[in-house]
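Note sheet for the following structure.
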Amino acid sequence: MGTRGPRRGPGPPDGGWGWAVLGACFVVTGFAYGFPKAVSVFFRALMRDFGAGYSDTAWVSSIMLAMLYGTGPVSSILVTRFGCRPVMLVGGLLASAGMVLASFATRLLELYLTAGVLTGLGLALNFQPSLIMLGLYFERRRPLANGLAAAGSPVFLSALSPLGQQLLEHFGWRGGFLLLGGLLLHCCACGAVMRPPPGPRPRRHSAGDAPGEAEADSVGLRLREAPSGGRTRRRLLDVTVCTDRAFAVYAVTKFLMALGLFVPAILLVNYAKDAGVPDSEAAFLLSIVGFVDIVARPACGALAGLARLRPHVAYLFSLALMANGLTDLSSARARTYGALVAFCVAFGLSYGMVGALQFEVLMAAVGAARFPSALGLVLLLEAVAVLIGPPSAGRLVDALKNYEIIFYLAGSEVALAGVFMAVATKCCLRRSQDATPSPGTKGGASDTEDAEAEVDSEPLPTSAEEPGGLEALAVPSPGTGPSEPEMEAEPGLDSESV
């Protein structure tokens, strides 16, 4: 033990206060994914009061989702600059203020700006920091933690839709928006829970020290690099993560996935009605998907945390995508209610697996230090795909009057994403790992515990220790030579941004 060199610190606690952080992440994830869909129960009342069509009114949810995904880089920059807790507190206030102001709207444009832009931005500023903080508190149990947090989406969707209907019936849409704005203040309470994980503080440098400084904050590690001119600069958004092979593979996979993943769930009820299923039974199909999804996400997270499966989590993710795509393809001709129920069970299971694994795969690929920037860029890319896929499917349904072709297209896109993920991980990332024997370079699907052992095997300088289990950075000690920090950004997955 003593020959391995000093350790970086206690690492993520994998419990303790982390369970409170997990509970907060569960709530935030539920609001982020469930709220834009739950607002749709107010659309009929909005159409009546504003004299607008369904497509015009539906832009409220569309703008909210676009802000949730599209502002990912902005959220990454703010988290790097100010930390998770302040960003989440401000985000909760913005989300609440948006719905409160929307209750006084007199035009649809005002709803777009308040409920759409303001509330969507507030939800985005809560969602991304909560995932970042979850990764800092869990490492060994991180797949399970991601699965439990992801279960907030179907749980809140199942609860918020009936709640919105009750608020609409008793208080109207204005009173409902006002009360939902108050409900969103719970995001502020979730933000207050996000205190930084325990860990050693880096030593403060004296005036004679080298000008490189590594400081810990609630995100993890912020690196300030002082160039030879003496001016301090900080990289708020690490766009160099785009050159990482594992990130590029994941980004392409997510784009293909987002083109078709959400289409069947959006069209399911209308597809069932077109097949002759009664309205009440058609609406219950979505509930079946939600119930199966609630069980599948934590179960898949626990499965991915097993010692034998965790090093291969990328393949498990690709298997979930292929299962989802094949479910769409095989159910394109389903016309009976029994066949549709079987489709909902299979779809909910594979959909839950995808939801539980998607962020775990990204965390394992890029590491905790670069996860904020990587997540922001991936969400931005996903926003583009979401704005292309479901609207295009709707236009095709209007033009062709045929749902079968839409299911074939959506299933092909998701299955292609799974095949690409598996093949690229096997052929590109694994081959690159085998060809590069240096300990600092790791493959795309490497186990996080093996990565930790590799980092721990190298002695670390005492001038900067890493809190919360983030990747180690080499910072020069006083008088070691050049004034630049000695940083090596190797081409592997866990290479650090300088």
Side-chain angles (χ1 to χ4, degrees), residues 33-34 36-38 40 58 61-62 65 69 150 153-154 157-158 161 253-277 279 281-297 300 317-358 382 385-419 421:
Y33 281 115
K37 300 166 188 169
S40 62
S61 290
S62 299
L65 284 172
Y69 289 114
S153 173
L157 181 59
S158 302
S161 294
T253 301
K254 283 282 285 182
F255 183 83
L256 293 173
M257 178 199 80
L259 286 175
L261 182 66
F262 309 108
V263 171
I266 293 173
L267 300 179
L268 177 61
V269 174
N270 289 330
Y271 175 55
K273 291 178 181 179
D274 187 63
V277 177
D279 291 359
E281 295 181 1
F284 185 68
L285 292 174
L286 278 181
S287 300
I288 296 175
V289 174
F291 292 144
V292 176
D293 193 6
I294 291 172
V295 177
R297 295 195 183 213
C300 184
F317 181 57
S318 65
L319 179 64
L321 289 172
M322 286 187 281
N324 187 272
L326 292 176
T327 300
D328 296 342
L329 293 173
S330 61
S331 303
R333 290 176 173 266
R335 307 298 291 178
T336 65
Y337 188 70
L340 289 173
V341 169
F343 162 74
C344 290
V345 172
F347 181 83
L349 181 62
S350 57
Y351 187 83
M353 291 177 64
V354 172
L357 295 174
Q358 56 180 342
E382 192 171 358
V386 168
L387 291 176
I388 294 174
S392 299
R395 292 190 185 95
L396 285 175
V397 169
D398 292 337
L400 302 175
K401 307 298 181 184
N402 189 342
Y403 288 94
E404 184 177 329
I405 297 176
I406 307 304
F407 274 75
Y408 283 135
L409 287 175
S412 300
E413 289 162 351
V414 178
L416 178 62
V419 172
M421 182 75 181

Distance from [X] atom [atom1] to [Y] atom [atom2], nearest 0.5 Å?
X: S331; Y: L329; atom1: OG; atom2: CG; value: 9.0 Å
X: I388; Y: F255; atom1: CD1; atom2: CZ; value: 4.5 Å
X: L340; Y: I288; atom1: CG; atom2: CD1; value: 9.5 Å
X: S318; Y: M421; atom1: OG; atom2: CE; value: 7.0 Å
X: Y351; Y: D293; atom1: OH; atom2: CG; value: 7.0 Å

Are any side-chain N or O atoms of [X] and backbone N or O atoms of [Y], one a donor and one an acceptor, separated by less than 3.5 Å?
X: R297; Y: A150; value: yes
X: T336; Y: A339; value: yes
X: Y337; Y: A272; value: no
X: S350; Y: A320; value: no

Measure the shortest side-chain to side-chain distance between [X] and [Y] over non-hydrogen atoms and say whether it is less than 4.5 angstrom.
X: T253; Y: F317; result: yes
X: V386; Y: F262; result: yes
X: L268; Y: C344; result: yes
X: M257; Y: Q358; result: yes
X: I405; Y: L396; result: no
X: M322; Y: L416; result: no

Derivation of the side chain to side chain contact (heavy atoms under 4.5 Å, CB included) call for F343 and T327: CA-CA 7 Å; F343 162 74; T327 300; 3.6 Å; yes
Derivation of the side chain to side chain contact (heavy atoms under 4.5 Å, CB included) call for L256 and E413: CA-CA 6 Å; L256 293 173; E413 289 162 351; 5.7 Å; no
Minimal non-hydrogen separation, [X] against [Y], with atom names:
X: A296; Y: G348; result: CB-O, 4.1 Å
X: L349; Y: V292; result: N-CG1, 3.4 Å
X: A258; Y: E382; result: CB-CG, 3.7 Å
X: A356; Y: C300; result: CB-CB, 4.2 Å
X: L261; Y: V414; result: N-CG2, 3.6 Å
X: A38; Y: L157; result: N-CD1, 4.4 Å

Steps toward side chain to side chain contact (heavy atoms under 4.5 Å, CB included) verdict (V419, L321): CA-CA 8 Å; V419 172; L321 289 172; over 6 Å; no
Mutual orientation of the aromatic rings belonging to Y271 and F407 [parallel < 30°, tilted 30-60°, perpendicular > 60°]: tilted
